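These figures come from a predicted structure and were not determined experimentally. Just so it is clear, the values below take in all heavy atoms, side chains as well, and ignore hydrogens, waters and symmetry mates. Both ligands and their constituent atoms are indexed starting at 1 by order of listing.
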Amino acid sequence: MTESIPVKKNDYVDIQFEDYTHDGMGVGKINGYPIFVEKALVGEQAKIKIVKVKKSYGYGKLIEVYKKSPFRREIPKEEEHQYGGCQIQHMTYEGQLKFKEDYVRQVLKKIGKLSDVPVRPIIGMDEPNHYRNKAQMPVGQKDGKLISGFYRPRSHEIVDTDESIIHLQEINEAVKVVKEVASTLGIPAYDEKNHKGVLRHIYARYGRETGELMVVLVTRTEQIPKKKQLVTELTQRLPKLKSLIQNVNPKRTNVILGEKTKVLWGRENIYDYIGNVKFAISAKSFFQVNPVQTKVLYEKALEYANLSGKETVIDAYCGIGTISLFLAQKAKNVYGVEVVGDAIEDARRNAELNGITNVKFAVGKAEEVIPKCAEEGIRADVIVVDPPRKGCDEKLIQTMLEMKPARIVYVSCNPSTLARDLHMLEVGGYRTIEVQPVDMFPYTSHVECVSQIVLK
Ligand code: SAH
């Protein structure tokens with residue numbers, strides 16, 4: 001069997017890249033045997049070193065690029081270690097958008113057999129740098145100094161960083177200040193290996209529309225040495241701070257947050273807006289990390305829902321109710337369904353915060369709750385789904401086919417499962433009018449899409 005594999009580990013070979021994997025690795029072939037290489041771009045010719053050989057594919061490492069793609073972006077030194085989270089930082093923004101749009105087209109054709117469905121040009125950001133409103137940075141110690149930053153890829157070594165190209169500058173600044181203050185006061189960093197020390201993570205969230213900052217200090221112990229000075233310094237040096245929280249995580253674990261949360265200073269929440277809907281954000285609550293593009297995505301969803309004010313809408317997989325509250329302003333009634341109870345509590349609170357009274361939320365699996373709604377005689381004119389990566393449960397697709405809403409709006413974070421589900425809907429009597437990709441996460445390989453599907 002191994003005879004048919006044309007390369008061995010540690011070989012150096014020349015290769016041309018023809019394609020991408022879903023997470024943006026370049027794919028080239030040697031005698032038909034595919035090799036995946038990080039940071040390689042389609043159209044490039046390069047020398048690679050083979051690092052792993054499997055039965056039907058292998059992995060290589062880029063050694064020298066002979067012919068460079070016009071979409072290649074040279075990565076500044078200080079950004080290199082952000083690679084773990086930023087799979088496509090070696091592409092220009094134009095290249096990133098092209099990669100995502102092409103990928104959606106390809107997957108719809110291959111998995112969904114929907115080559116005639118129009119894919120609209122992807123909507124990118126005008127300013128793709130510094131968009132993320134949240135950061136959770138691990139803290140450690142190096143040469144007697146407190147450091148925080150990103151883990152080196154595939155390791156637990158922390159690379160000290162103050163700048164991240166994806167975090168909002170207010171977030172970068174907050175992390176830097178906390179690090180400096182904690183370091184000056186001699187607050188011990190958490191030592192993962194021996195499970196000693198205090199400060200585990202610096203976690204910051206920022207409301208872009210409101211200018212409100214939240215800082216969460218994740219600690220191993222309840223006690224924080226010099227707590228009073230720490231609070232005073234942070235409130236003085238961070239004028240946008242509205243909420244300073246301590247989260248205690250005494251466990252040996254990779255999970256960042258522990259159970260116990262207390263307010264050290266200020267409020268328990270900060271606020272932010274998506275469009276004109278206001279959201280309360282606590283340390284533990286979910287909130288979209290790129291509210292600018294979330295608004296773009298959900299406005300498109302609203303357009304596709306095509307509401308006149310008379311419709312009953314079901315928002316399956318509603319999370320904290322972002323889409324439900326957005327749609328409620330244009331619909332008669334909205335029913336939101338979500339499996340996580342805490343998210344539904346947030347959703348209800350957010351409805352109240354905005355004085356929105358025509359939404360009802362239910363906790364449970366969409367594929368179980370929605371068939372019951374149908375039995376109770378609830379007729380949905382529009383169903384919106386925004387499922388996790390694995391896509392819609394088949395039972396939910398069947399239920400939608402039986403309920404026959406006039407329109408389905410599908411928000412997806414995974415083009416492959418979107419394609420699979422659109423195919424099922426197509427076979428069941430629906431037609432996909434169009435698919436609109438929206439870039440929610442520049443520098444990463446994540447692709448979001450929204451599609452309009454109508455009853456034939
Ligand atoms: N639109 C939402 C986010 C959706 S993310 C917002 O803006 O808040 C997908 C959501 O689906 C998650 O909140 C997840 O908890 C939920 N979920 C996962 N499986 C589910 C299921 N079987 N039924 C209902 N909700 C589910």
Side-chain angles (χ1 to χ4, degrees), residues 132-134 205 207-209 269 271-282 284-302 304-305 313-329 331 334-351 353-354 356 359-374 380 382-400 403 408-418 420-421 436 438 440-441 446-451:
R132 230 185 118 92
N133 61 7
K134 169 176 156 178
R205 304 185 89 164
R208 201 172 169 150
E209 296 298 321
N269 301 309
Y271 295 96
D272 201 12
Y273 287 86
I274 292 176
N276 54 0
V277 185
K278 189 176 185 182
F279 293 88
I281 305 162
S282 69
K284 286 196 175 175
S285 64
F286 170 82
F287 188 65
Q288 295 282 355
V289 296
N290 185 348
V292 172
Q293 289 300 86
T294 301
K295 179 169 175 258
V296 171
L297 183 75
Y298 291 176
E299 259 166 7
K300 206 71 202 173
L302 190 61
Y304 287 166
V313 181
I314 293 179
D315 178 13
Y317 309 94
C318 74
I320 60 161
T322 326
I323 298 179
S324 313
L325 298 176
F326 223 69
L327 298 179
Q329 305 175 81
V334 179
Y335 294 89
V337 183
E338 160 64 46
V339 75
V340 176
D342 284 347
I344 288 292
E345 273 179 40
D346 281 343
R348 290 192 176 124
R349 217 170 296 139
N350 288 327
L353 186 66
N354 290 279
I356 296 174
V359 287
K360 283 208 179 84
F361 292 105
V363 184
K365 289 188 176 162
E367 61 273 21
E368 288 168 9
V369 174
I370 294 170
K372 274 193 215 133
C373 292
V382 179
I383 298 184
V384 179
V385 296
D386 181 7
R389 287 189 62 78
K390 68 174 185 210
C392 288
D393 192 281
E394 208 178 320
K395 232 166 93 195
L396 179 64
I397 302 263
Q398 285 313 325
T399 306
M400 291 200 286
M403 283 178 108
I408 297 172
V409 179
Y410 195 134
V411 181
S412 157
C413 58
N414 184 349
S416 304
T417 52
L418 172 69
R420 179 200 68 198
D421 292 350
Q436 172 67 67
V438 176
M440 299 270 282
F441 310 104
H446 297 287
V447 191
E448 291 270 336
C449 292
V450 53
S451 348

(Q) Please determine whether a side-chain nitrogen of the Lys or Arg among Arg349 and Glu345 lies less than 4.0 Å from a carboxylate oxygen of the Asp or Glu. (A) yes
Give a yes/no on ligand 1: does [X] have at least one heavy atom closer than 4.0 angstrom to it?
| X | result |
| --- | --- |
| Cys318 | yes |
| Cys413 | no |
| Asp393 | no |

Nearest non-hydrogen protein atom, [atom]:
| atom | result |
| --- | --- |
| atom 1 (N) of ligand 1 | Asp386 OD2, 2.7 Å |
| atom 18 (C) of ligand 1 | Pro388 CG, 3.6 Å |
| atom 22 (N) of ligand 1 | Glu367 OE1, 3.1 Å |
| atom 7 (O) of ligand 1 | Thr322 OG1, 2.7 Å |
| atom 13 (O) of ligand 1 | Glu338 OE1, 2.7 Å |
| atom 25 (N) of ligand 1 | Val339 N, 3.3 Å |

Quick one, [X] and [Y] - any side-chain contact, counting heavy atoms below 4.5 Å?
| X | Y | value |
| --- | --- | --- |
| Tyr271 | Glu209 | no |
| Ile408 | Met400 | yes |
| Val277 | Thr322 | no |
| Ile383 | Met403 | yes |
| Asn133 | Arg208 | no |
| Ile323 | Tyr317 | no |
| Cys318 | Ile344 | yes |

Q.
Given Tyr317, Phe287, Phe286, identify the one with the heavy atom nearest to atom 26 (C) of ligand 1.
A. Tyr317
Ligand-residue contact atoms, ligand 1 with [X], heavy atoms, under 4.0 Å:
| X | value |
| --- | --- |
| Gly364 | 23 (N), 24 (C) |
| Val340 | 15 (O) |
| Ala366 | 21 (C), 23 (N), 24 (C) |

Q: Determine the sole option in Leu325, Asp346, Asn269 for which the side chain to side chain contact (heavy atoms under 4.5 Å, CB included) test with Phe279 is passed.
A: Leu325
Q. Just distances here: any N/O of Lys365 and N/O of ligand 1 closer than 3.5 Å?
A. no
Q. Between Ile320 and ligand 1, is there a nitrogen or oxygen pair with a distance under 3.5 Å?
A. yes
Q. Just wondering, more than 12 heavy atoms not from Glu368 lying within 6.0 Å of its CD?
A. yes
